[in-house]
Amino acid sequence: MGSKTWGGRFAKGTAPELERFSTSVHFDRKLWRQDVRASMAHARMLGRQGILSADEAGTLVSGLEQVARELEAGELELDPGLEDIHTNVEHRLGEIVGPLAGKLHSGRSRNDQVATDLALWMREASAGLREALADLRQVLVERAADEIDVILPGYTHLQRAQPVRLAHHWLAYYEMLTRDDGRLRDAAARLDACPLGSGALAGSTLPLDRESTAAELGFARPSPNSLDAVASRDGALELMAALSIAMVHLSRLCEELILWSSTEFGFVEMDDAYATGSSLMPQKKNPDVPELVRGKTGRVVGDLTSLLITVKGLPLAYNRDLQEDKEPLFDAVETAGDCLRLLAAAVHTLRVRADAMGRAASDPMLVATDLADHLVLAGVPFREAHGIVGKVVAHAIETGIALDSVSRADLQAFHPALDFEPAAFFSAERSLEARTSTGAPARAQVERAIAAARQQLAATRSELEETP
Ligand code: ARG
């Protein structure tokens, strides 16, 4: 471990225990591609501005290309004594091009450098996450199309409420995840200002051309305020907030898959490849993927919380506390990406027990609300209708006669408008097909929702292809 010295101001090197405490290269090495890319843009700009000669700039760029090749090949051993990836890259550049490497840092600080690298990294991360999210959205839509005729009880308070299509249930999660995609897109779109050239905190006296480095790195503009540019981490917070919300959605889906896998529900069975057995109980098959995703949700929310608290008390501008931004950010992105990919596979391979779902949905009690609606159409005020149907339900419970087996004459005794064949009226299919307004689970509505979802997904995919 080489001991870093800080130039003329310091009479001796850093204490070894401080080096160990303060080094970040074991995690910020993840930023090496962004660091080299931004350094090249900076060197070229210094050349264009006459701060360096064209030759000097060219030598720095080809030296950086060599550093990149060595990092790509895993040939460059990073030195924790050099604190972070930024200093390691510059140090290796010095070994390659000699003292000229010392000119790269003209008009630049690690403070604007790290903010720039991080913004570049997050833009790419957001695109990768949106890709994984699109794959899971796709799985949900395909299942919806395949399972449009599978009917199960919809629940409120985890009590059977009214019948719904399984497709409608999958598409509910599709909608949540589509909003998550929008949040990830927004978070990346707001990372459109390039911090490079903000220096340590107050720009530079050198004639930098920040517009040109911003453009070369794919940003819309240079950041408008140097203090803000080096001090702010709301881009990372926003990305992690979007991921936390997405994880909460995944966690709810997982909670249902876990419940549905139980013998009590018996609605689904996880594929063997995405479940595990018990080391003790030979009969067991555990829904590990959804359980882990549900568990890792806490971790991602914790990552967001950690950075929120890191930033909350900081005076402007850069403070070393900000080095604590990277581990939670990297962890949240990696964890959420893994969860999206694993869950897509687990849902894709899930076996649905349509018969068990259908049996659970066939309880005529789930159609009781339709009786009240029928009375409303006959002019009975809903509150009154609710009371009448409550009496019909109580009668069914008292006599032990299922609602759909009550005789037509008995029904009419409760209200003359209840004049129909009970057996046909109380079918889950009939009830579903009567629910035809926008957003309801009638077959035609669900078909429309599937078509709309497919179009949205295609739009997401082509947007992601166009992202540089
Ligand atoms: N390793 C630091 C970070 O990740 C880089 C910036 C250090 N700047 C400084 N003035 N010590 O935030």
Side-chain angles (χ1 to χ4, degrees), residues 1-10 12-39 42 67 71 76 78-94 101-102 104-125 191 194-204 223 226-237 239-240 303 306-334:
M1 184 148 135
S3 174
K4 178 150 178 57
T5 47
W6 293 100
R9 169 84 168 76
F10 285 74
K12 54 180 167 186
T14 313
E17 65 269 31
L18 172 55
E19 265 180 25
R20 243 192 341 272
F21 184 63
S22 80
T23 188
S24 58
V25 72
H26 55 290
F27 54 82
D28 64 22
R29 61 187 307 155
K30 234 186 170 68
L31 297 173
W32 75 259
R33 281 191 182 80
Q34 292 73 21
D35 196 69
V36 169
R37 200 178 146 205
S39 290
H42 186 66
V67 178
L71 281 160
L76 183 55
L78 298 171
D79 180 358
L82 295 171
E83 200 174 296
D84 52 27
I85 185 66
H86 322 290
T87 313
N88 268 276
V89 167
E90 192 183 322
H91 178 81
R92 177 65 190 136
L93 181 65
L104 175 62
H105 218 48
S106 311
R108 186 178 80 167
S109 154
R110 277 182 302 156
N111 298 352
D112 58 340
Q113 196 178 352
V114 73
T116 304
D117 294 357
L118 214 51
L120 288 170
W121 188 87
M122 287 193 287
R123 286 155 62 119
E124 284 172 37
L191 291 164
C194 182
L196 194 62
S198 298
L201 74 163
S204 172
S223 53
S226 61
L227 293 170
D228 168 49
V230 295
S232 295
R233 291 295 183 271
D234 53 278
L237 291 173
L239 185 58
M240 285 196 279
D303 288 330
S306 160
L307 184 58
L308 280 168
I309 293 169
T310 297
V311 176
K312 107 173 243 302
L314 296 184
L316 294 184
Y318 179 85
N319 298 271
R320 192 64 187 278
D321 318 42
L322 290 173
Q323 181 171 297
E324 293 292 314
D325 59 354
K326 284 166 215 65
E327 285 169 293
L329 174 66
F330 295 160
D331 184 71
V333 168
E334 193 178 323

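Being a predicted model, the structure only gives us computed values, none of them experimental. Both counts, for ligands and for their atoms, begin at 1 and track the order of listing. Values below: every heavy atom of this structure, side chains too, minus hydrogens, waters and symmetry copies.
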With a 4.0 Å cut-off on N to O distance, would you call E90 and R110 a salt bridge? no
Answer yes or no: is there an ion pair linking R33 with E124, defined by an N-O contact shorter than 4.0 Å? no
Drop me the distance from L71's CG to R92's CZ, to the nearest 0.5 angstrom.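 Answer rounded to 0.5 Å: 9.5 Å.
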Would you tabulate the polar-atom pairs, meaning N/O of ligand 1 against N/O of the protein, with distances under 3.5 Å, reported to 0.1 Å?
{"unit_1": "ligand 1", "atom_1": "1 (N)", "unit_2": "D84", "atom_2": "OD2", "d": "3.0"}
{"unit_1": "ligand 1", "atom_1": "1 (N)", "unit_2": "Q323", "atom_2": "OE1", "d": "2.8"}
{"unit_1": "ligand 1", "atom_1": "4 (O)", "unit_2": "K326", "atom_2": "NZ", "d": "2.6"}
{"unit_1": "ligand 1", "atom_1": "8 (N)", "unit_2": "N111", "atom_2": "OD1", "d": "3.0"}
{"unit_1": "ligand 1", "atom_1": "10 (N)", "unit_2": "N111", "atom_2": "OD1", "d": "3.4"}
{"unit_1": "ligand 1", "atom_1": "12 (O)", "unit_2": "Y318", "atom_2": "OH", "d": "2.5"}

Residue pair [X] / [Y], side-chain heavy-atom distance below 4.5 Å:
X	Y	value
D228	S223	no
L329	W121	yes
V89	I85	yes

